[in-house]
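Everything below concerns the one structure shown next.
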Amino acid sequence: MANIPGLIVVEPSPEQSKHRAAGIFVRKEKRIEGESVKEHLRKIREDARSNNASLIEQLQKTLGKYDGVKITSAKDAKEAVSYIKQIADNTTLASINKSNIVVNELRPGLQAAGFKTYLRYYGEFNNFEEGKFQKKVEDYWSLPGMHGRNLVESFDKRHSITRLSSSGIKDYVAIMGVNAISAEDGTVYFLQHMSNITKDLQQAKKIILVVGIEKILKNKEDALFHTKSMGIYGLESILLDLIPHDIEKYDFESLPELSGENGQELHVIFYDNGRSELLKNGYSDLFLCIDCRACARQCPVGQHIFLDKGMVYSPKNYLLGSLQGWLPPVEVCLHCGRCQVECPVDIDIPTLIWKAQFEHYAEDGRSLKKKMLDDPELLAKLGGMTAPLSNWMVKLWIVKMMTQFFTGVHKDSTLPEFHRQTFRDWFKGGSHE
Amino acid sequence: MSNKVVYYHGCFANYYNPDSGKALVSILKRNDIEIIVPEQKCCGMPMMANGNPAGAKKNFDFNARMLAEAAAPGYDIITSCPSCNMMLKREGLPFFDSKDARFISERIYDASEYIYKLYLEGKLNTNFGEIPLKVFYHNPCHLRVQNITDVPVALLRLIPGLEVVKVNTNCCGMGGSYGMKKINHERSVEIAQKLWNEIKAANVDAAVTECGGCGLQMAAGTGIRVIHPLVLLNDAYVKGDARKAA
């Protein structure tokens, strides 16, 4: 019998045991301080960042001791997909979890390589009615009021798998981004949306764990804390993101069970895809991210961009995707700064986005339209000097069309009104005295 | 608290809404605080947003130098535009750090924040007359992310007769000139829709916000009159004078 490290699935506890679970987590029956969770989390993440190289090395050694695990490294998505293709033999059905690594970075390549990728938990919604979806998810998770204001931990270890199955397995591969892994003993942690992860770990013929190198933590305690924090801070965003798409539904239950003695296989891919670069090029704070997507809930543009890509969206993923080259350079951010407000590890995403933009324009140059809008003060001076004529002119159709053509300002935009006398003129004139 | 402050008016109060700047001068005067208005340029955030960090640096360094010089005797610096405030307080620092920049970052206040601080210290002249208005308050993102959300509302609530019916903290989708651009216009309108619906449903006399861009967006979608809170506050003083005189 092959030996494997533990596979732990963390899920919200049901409503009735919420407070008991809270007690288990904090070891006493009281609410925990959001700030102390953040502080501890930040420390754990900073340790993972500073010791990444040695943690990778340690984890490789640790996993090497388990004869039931095959490990490999992939420097990018292409290498990971090619490895998966090779071990999948003729199986082309892939169950994936909604991890940003798998959905954003691997899914397009997997599909190009002939895999049909499905998000397994959509099967949970066989009876779901259009429009009532949100309520159903909330029921399922029995939404605890945890976020920030009222932090009560209710995430618990729900399933623990310590040996692979030899019966009840089905002919598909499960490709899963892990939420955290302990370098010390190889224990793997998942935050579960529905029962999807547990089922895949029990039923997939081949289990392929994709370990983003930033997900390697020192020990079990750190990895569990990281995973629970992901649930605490990201719960609302994750719930909002669970909208079913028919194209990703598949009835895994209808697959016949396989006969034979081979049982399941467990593969672990150490996945980089630009992550080690982040540590060198000024974006190392992205390495602190726990992928909770709390920032996504605040982002005004998030619900309106890249819908065609079906990506797991968050401002951080948007920036990461741009840096990795599978998204266009960061241009649709409106610089509201809201993403930083929610981040449990205080990543200054707004500043990193500015930086990425500056680097992009320095390399690729700026459009004439951008240059035209460069100096609003100059425009205001010109408009002010010629007011009220300028205010009349900007409302003319022909002027609007010309403005749109030369500056990219939409013809239907309402522009602010110019004033002949500026505040400074008034102030200098001494009429306030 | 000193009897002088340095005012950074930025482009909005200088060119587009001089009334907000004038209101601030008048408000502070009623509290025996003199305003110093040093030479200044656009804060540079629009340049950053249009990919011109070199231009932004030039303006930012100029402003930092002028403001630091004016505030050197120990004066506070105030702004009346949320984005200018954010730019001078923290947005520019990671890229255009300097001794002056750090100095101004530490002593800059949004005008509402500053005036409410006076109130909390018992130093604010509260001789406000009645303004019988029902208003919708929109908290601009650039105040929200500086944790200035409750203060502007608390300040408005000092005005007798003024009723803040609804407070909104969602983004309006304008983002300076972002929403004006053809490539973003549609997205900007999609984002604004929620706010527009809220304003219409609130059935108020006017909307109040500090941000010029937010104001344009709110007016464009609903036709509502948008007022800077400083203008309202000054109106309340004027009404107070009239009451006293009567």
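Everything quoted here is computed from the prediction, not taken from an experiment. In what follows, every chain begins at residue 1, and chains take the letters A, B, ... in the order their sequences are listed.
- Heavy atoms closer than 4.5 Å to chain B are found in the side chain of Val341(A), but not in its backbone.
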Which side-chain N or O atoms in residues 87-97 of chain B pair as donor and acceptor under 3.5 Å with protein atoms at least two apart or in another chain?
residue  : atom : partner   : partner atom : Å
Arg90(B) : NH1  : Val145(B) : O            : 3.2
Glu91(B) : OE2  : Trp354(A) : NE1          : 3.0
Asp97(B) : OD1  : Arg102(B) : NE           : 2.9

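- Contact of Met45(B) with chain A is made through backbone and side chain together, with heavy-atom distances under 4.5 Å.
- For the pair Tyr361(A) and Asn52(B), the minimum side-chain heavy-atom distance is 4.5 Å or more.
- Between Gln298(A) and Arg144(B), some side-chain heavy-atom pair lies under the 4.5 Å cut-off.
- With a threshold of 4.5 angstrom between heavy atoms, Glu39(B) approaches chain A through its backbone and through its side chain.
- Separation of atoms NE2 (His142(B)) and CZ (Arg338(A)) is listed at 10.0 Å; rounding is to 0.5 Å.
- For the set Glu331(A), Arg420(A), Lys355(A), the entry with the most heavy-atom pairs within less than 4.5 Å of chain B is Lys355(A).
- Contacts between residues 176-186 of chain B and chain A, counted as heavy-atom pairs separated by less than 4.5 Å, involve Tyr178(B), Gly179(B), Met180(B), Lys181(B), Lys182(B), His185(B).
- Between the Arg366(A) side chain and the Asn50(B) main chain, a donor and an acceptor come within less than 3.5 Å of each other.
- Gln340(A) touches chain B through its side chain: at least one heavy atom from C-beta onward sits under 4.5 Å away, while N, CA, C and O do not.
- The NE2 atom of His410(A) sits 10.0 Å away from the OG atom of Ser188(B) when rounded to the nearest 0.5 Å.
- Going from atom CG of Asn14(B) over to atom NZ of Lys381(A) covers 9.0 Å, rounded to the nearest 0.5 Å.
- For Gln146(B), no part lies near chain A; criterion is any non-hydrogen pair under 4.5 Å.
- More than 12 heavy atoms of other residues, nucleotides or ligands sit less than 6.0 Å from atom CG of Asp364(A).
- The CG atom of Asn17(B) sits 6.5 Å away from atom NE2 of His419(A), with the distance rounded to the nearest 0.5 Å.
- Taking Arg293(A) as the reference, Asp241(A) meet the salt bridge (Lys or Arg N to Asp or Glu O under 4.0 Å) condition, with sequence neighbours excluded.
- In this structure, Tyr16(B) has its ring center at least 6.0 angstrom away from the ring center of Phe423(A).
- Of the atoms belonging to Gln303(A), not a single heavy atom falls under 4.5 Å from chain B.
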key: Cys171(B) vs Leu334(A), side chain to side chain contact (heavy atoms under 4.5 Å, CB included): CA-CA, chis, key distance, verdict   = CA-CA 10 Å; Cys171(B) 178; Leu334(A) 54 65; 4.1 Å; yes

message = Walk me through whether Met48(B) and Phe358(A) qualify under side chain to side chain contact (heavy atoms under 4.5 Å, CB included).
response = CA-CA 8 Å; Met48(B) 277 173 74; Phe358(A) 295 163; 3.6 Å; yes

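- Of the atoms belonging to Val25(B), it is side-chain heavy atoms, and not backbone ones, that fall under 4.5 Å from chain A.
- Going from atom OH of Tyr15(B) over to atom CZ of Arg424(A) covers 8.5 Å, rounded to the nearest 0.5 Å.
- Chain B is approached within less than 4.5 Å, heavy atom to heavy atom, by no residue from residues 278-287 of chain A.
- The residue among Thr351(A), Asp412(A), Asp348(A) with the most heavy atom pairs within less than 4.5 Å of chain B is Thr351(A).
- Between Gln421(A) and Pro18(B), every side-chain heavy-atom pair lies at or beyond the 4.5 Å cut-off.
- For a residue to count as touching a neighbouring chain, one of its non-hydrogen atoms must lie under 4.5 Å from one of that chain's; by this rule Ala49(B) touches chain A with backbone and side chain alike.
- Put simply, of Cys172(B), Gly175(B), Cys141(B), the one with the most heavy-atom pairs under 4.5 Å next to chain A is Cys141(B).
- Residue Lys41(B) touches chain A through both its backbone and its side chain, counting heavy-atom pairs closer than 4.5 Å.
- The CE atom of Met174(B) lies 14.5 Å from the SG atom of Cys336(A); values are rounded to the nearest 0.5 Å.
- Of the listed residues Pro38(B), Gly10(B), Gly44(B), Gly55(B), the one with more heavy-atom pairs under 4.5 angstrom with chain A than any other is Pro38(B).
- Shown here is Glu190(B), whose CD atom has more than 12 heavy atoms of other residues, nucleotides or ligands within 6.0 Å.
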